[in-house]
Amino acid sequence: MPLTVFNRLTRQKEEFKPLTEGEVKMYVCGPTVYDHAHLGHAKTYVAFDVIVRYLRYTGYKVRYVQNITDVGHLLETDEDRVIRKAGQLGLEPMEVVETYARSFFQDMDALNVIRPDISPQASGHIPEQIEMTQGLIEKGYAYVTDVGDVYFDVTKWPEYGKLSGRSVEDAQSERQIVGSEKRNSADFALWRHAEPEHLMQWDSPWGRGFPGWHIECSAMSKKYLGETFDIHGGGLENQHPHNDCEIAQSEALHEKPFANYWLLTGSLTIDGEKMSKSLGNFVTIKEALEQYRPEALRYFLLSSHYRGPIDYSDEALKAASGGWDGLMVGVQRVRFAMKDAPEDAAGSDFLETVEKRKQAFLRYMNDDFNTPQAIAELQELTTDVNRFLDQGQVVGMDVLTAINDAYNELGGQILGVVPETITIRTDLETVDPLLMMLIDIRSQARKDKDYARADAIRDHLSKLGIVLEDGPEGTYYRAR
RNA sequence: GGCGACGUGGCCGAGUGGUUAGGCAGGGGUCUGCAAAACCCCGUACACCGGUUCGAAUCCGGUCGUCGCCUCCA
């Protein structure tokens with residue numbers, strides 16, 4: 001059962017075949033670090049996190065590169081976003097970059113997003129960008145203006161716009177003539193000249209200046225992944241012009257394909273409108289994590305397909321939290337049963353069910369990373385597990401281990417929503433033995449019909465976010 | 001206007017030419033010291049209008065509507 005992916009470039013599902021057997025080279029457009037990341041970023045990077053996790057799970061050696069943009073990303077006003085922020089805060093531009101890059105990684109860590117193998121910064125790759133720009137000038141695809149700007153001439157590259165489905169004429173007509181220095185309205189900057197007071201500038205063959213926004217991705221993917229690589233990812237809203245420009249630059253210069261598979265994620269909306277910094281309707285990841293568990297947030301993001309849109313609302317997040325809770329009930333019941341299960345194969349009939357669910361899960365993941373269906377399958381497994389344990393029969397270690405392994409692999413390793421050990425509060429991570437002692441005391445109290453004491457213990461723990469559940473196989477705890 | 005995506009039950013959200021997605025909320029039941037959880041049962045959806053077909057929510061055409069992009073955006 002081969003892995004198929006929807007390739008935005010060809011607009012169809014294709015069997016995934018990497019350039020080198022067993023290896024995947026992947027690049028995803030990263031954030032511009034001038035503010036805290038919001039849930040839109042979370043959607044994109046959680047989606048690619050699961051894609052990388054799954055590729056690795058199925059045996060691929062993956063090199064995952066995701067850039068940090070820290071220079072050259074301009075506002076409508078031609079101001080550099082990072083420099084403007086530095087002015088507002090009275091900081092060096094690189095202090096702004098450092099602050100928000102750290103914030104970004106903190107948020108990603110909290111969301112259990114595995115870090116990319118390389119997180120290159122644009123400002124650290126100026127020579128590479130200059131070299132590519134120089135090459136494009138020499139090949140006649142780019143030209144230098146009187147003031148020292150360098151533009152890519154889209155009319156020299158007829159395929160410009162092929163990812164988003166535009167023709168060069170479309171791209172021309174949709175743009176107003178802004179700078180008289182450009183030959184065509186759709187031409188885009190590879191290099192911009194800088195005035196003396198501009199805070200981030202470097203020497204170049206065309207004078208002091210800084211790179212255009214698009215060239216960094218072409219230059220850094222080339223450096224770390226090669227002229228042609230397997231997967232290029234990013235948010236759908238950057239398809240045009242950004243991704244179209246990347247393709248034009250790289251393919252014009254190298255005369256070979258840039259990325260073989262384009263995987264783009266749908267936008268996250270809030271109240272039906274796209275969440276974005278420009279609209280001011282964004283919820284930062286930090287704000288969302290004050291209200292919801294990171295696992296629930298991941299569960300929410302993965303409960304819609306990566307290519308589709310998803311609308312953020314309290315109802316949707318509560319539903320996702322409830323769904324995650326239900327999953328964890330199954331997980332925790334199994335783990336508690338494992339604490340004193342006999343070392344035998346009792347109940348091994350159930351192994352067939354586990355295997356069936358696992359295969360179905362993997363089948364869905366192989367179909368363009370269909371996480372909503374995969375999650376549904378995990379829920380079905382949980383219903384099976386609960387029904388199984390409700391029978392109250394003795395279940396041997398072999399079977400419990402198999403169930404636990406399935407949860408860890410599918411829900412943990414691949415989706416990243418099932419933690420290896422539940423975290424109640426950070427300051428309570430190692431209290432399992434203490435909780436077990438309390439559960440024992442309470443169980444004795446219940447046997448003695450001292451229900452006041454039993455309930456007091458349960459109430460106290462409840463206030464700490466720990467829920468005790470009395471089931472046929474004994475009492476277990478879980479986080480609320 | 002151009003390019004692209006999409007319209008599914010109370011809500012969220014998959015999928016598919018004929019067979020139960022799943023979650024949340026709601027109703028009924030079983031279990032239980034109480035609670036909670038779990039399990040069982042219940043709603044029978046697919047924007048609208050045509051067409052293709054033995055049969056379409058699923059394919060084709062059209063209409064209406066929503067959303068994204070069009071040098072701010074993951």
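Order of the sequence lines sets the chain letters (A, B, ...), proteins ahead of strands, with each chain counted from 1.
- Look at the P atom in both B/rU58 and B/rG7: the space between them is 11 Å, to the nearest Å.
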Inset, instruction - Could you walk me through whether A/Phe229 and A/Phe258 pass ring-ring contact (aromatic ring centres under 6.0 Å, His included), step by step? - result: CA-CA 7 Å; A/Phe229 54 93; A/Phe258 179 45; 5.1 Å; yes
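- Contacts of A/Asp153 classified as side chain to side chain contact (heavy atoms under 4.5 Å, CB included), with partners at least two apart in sequence or in another chain: A/Tyr143, A/Thr155, A/Lys156, A/Arg183, A/Asn184, A/Asp187.
- Between B/rU71 and B/rU63, the two P atoms lie 28 Å apart (nearest whole Å).
- Summarising the geometry, the separation between CG on A/Asn243 and C1' on B/rG4 is reported as 14 Å, rounded to the nearest angstrom.
- Of the C1' atoms belonging to B/rC46 and B/rG18, the separation is 16 Å, rounded to the nearest Å.
- Considering only side-chain atoms of A/Arg8, the nucleotide from B/rA36, B/rG4, B/rA74 that sits closest is B/rG4.
- Evaluation of the side chain to side chain contact (heavy atoms under 4.5 Å, CB included) rule for A/Ala320 yields A/Tyr299, A/Phe300 as partners, not counting sequence neighbours.
- Regarding A/Phe336, its CZ atom lies at a distance of 16 Å from the C1' atom of B/rA38, rounded to whole Å.
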Legend entry - Per-nucleotide protein contact string for nucleotides 23-33 of chain B, where B marks a base within reach and S marks sugar-phosphate only (heavy atoms under 4.0 Å, - for neither): SS--------B
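- Rounded to the nearest 0.5 Å, atoms CZ (A/Phe188) and CG (A/Asp244) are 9.0 Å apart.
- To the nearest whole angstrom, the two P atoms, one in B/rG26 and one in B/rU66, are 32 Å apart.
- With C1' as the reference atom, B/rG1 and B/rA21 are 40 Å apart, rounded to whole Å.
- For A/Glu295 and A/Arg298, the salt-bridge test fails: no basic side-chain N is under 4.0 Å from an acidic carboxylate O.
- With rounding to whole Å, A/Glu469 atom CD is found 12 Å from B/rC39 atom P.
- For the pair A/Met200 and A/Asp80, the minimum side-chain heavy-atom distance is below 4.5 Å.
- Donor-acceptor pairing under 3.5 Å is recorded for the side chains of A/Tyr292 and A/Asp314.
- Sorted by first and then second residue, the pairs that involve residues 29-49 of chain A and meet ring pair (Phe, Tyr, Trp, His ring centres under 6.0 Å), not counting sequence neighbours, are A/His36-A/Tyr100, A/His38-A/His41, A/His38-A/Phe282, A/Tyr45-A/Phe104.
- Note on A/Arg11: only backbone sugar-phosphate atoms sit closer than 4.0 angstrom, heavy atoms only; bases stay farther off.
- Among the protein residues, A/Gly234 comes within range of the sugar-phosphate backbone only, with heavy atoms under 4.0 Å from sugar or phosphate atoms but none that close to a base.
- At distances below 3.5 Å, not a single donor-acceptor pair connects side-chain atoms of A/Thr133 with backbone N or O atoms of A/Trp191.
- Comparing the same atom, C1', in B/rA45 and in B/rC39 gives a spacing of 26 Å after rounding to whole Å.
- Here A/Gly161 lies out of heavy-atom contact (under 4.0 Å) with every strand.
- Comparing the C1' positions of B/rA14 and B/rU8 gives a spacing of 10 Å, expressed to the nearest Å.
- We find that CG of A/Leu317 is positioned 14 Å from C1' of B/rC11, with the value rounded to whole Å.
- Side-chain N/O atoms of A/Gln249 and A/Ser218 include a donor and acceptor closer than 3.5 Å.
- Between the side chains of A/Asp384 and A/Thr353, no donor-acceptor pair is found at a separation under 3.5 Å.
- A/Asp149 and A/Lys182 are not joined by a salt bridge, as no carboxylate oxygen comes within less than 4.0 angstrom of a charged side-chain nitrogen.
- In terms of phosphate contacts, A/His73 brings a side-chain nitrogen or oxygen within less than 4.0 Å of OP1 or OP2 of B/rC73.
- On the P atoms, B/rG13 is 14 Å away from B/rC6, given to the nearest whole Å.
- Cation-pi contact between A/Lys339 and A/Phe336: present, with separation from the ring centre below 6.0 Å and deviation from the ring axis of at most 45°.
- At the heavy-atom level, A/Tyr45 lies under 4.0 Å from the strands shown only through sugar-phosphate atoms.
- For A/His305, whose side chain is taken as the heavy atoms from C-beta onward, the closest listed nucleotide among B/rA36, B/rG15, B/rA74 is B/rG15.
- Between the NE2 atom of A/His240 and the C1' atom of B/rC70 there is a distance of 5 Å, given to the nearest Å.
- Taking every heavy atom of residues 386-395 of chain A and every atom of RNA chain B, pairs under 4.0 Å involve A/Asn386, A/Arg387, A/Asp390, by number.
- Summarising the geometry, the separation between CZ on A/Arg333 and P on B/rA38 is reported as 9 Å, rounded to the nearest angstrom.
- Distance CZ (A/Arg453) to P (B/rC34): 21 Å, rounded to an integer number of Å.
- The nucleotide whose nearest atom lies closest to any side-chain atom of A/Pro241 is, among B/rA37, B/rU71, B/rA74, B/rU71.
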Inset, instruction - Any chance you could encode RNA chain B as dot-bracket? Rule is Watson-Crick or G-U wobble with both distances under 3.5 Å; [ ] for pairs crossing earlier ones, | for another strand. - result: (((((((..(((.....[...))).(((((.......)))))....(((((..]....))))))))))))....
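- Contact between the side-chain N/O atoms of A/Asn370 and the OP1/OP2 oxygens of B/rG15 is found at a separation under 4.0 Å.
- Closest approach to the A/Thr44 side chain among B/rA74, B/rG15, B/rC69 is made by B/rA74 (side chain taken as heavy atoms from C-beta onward).
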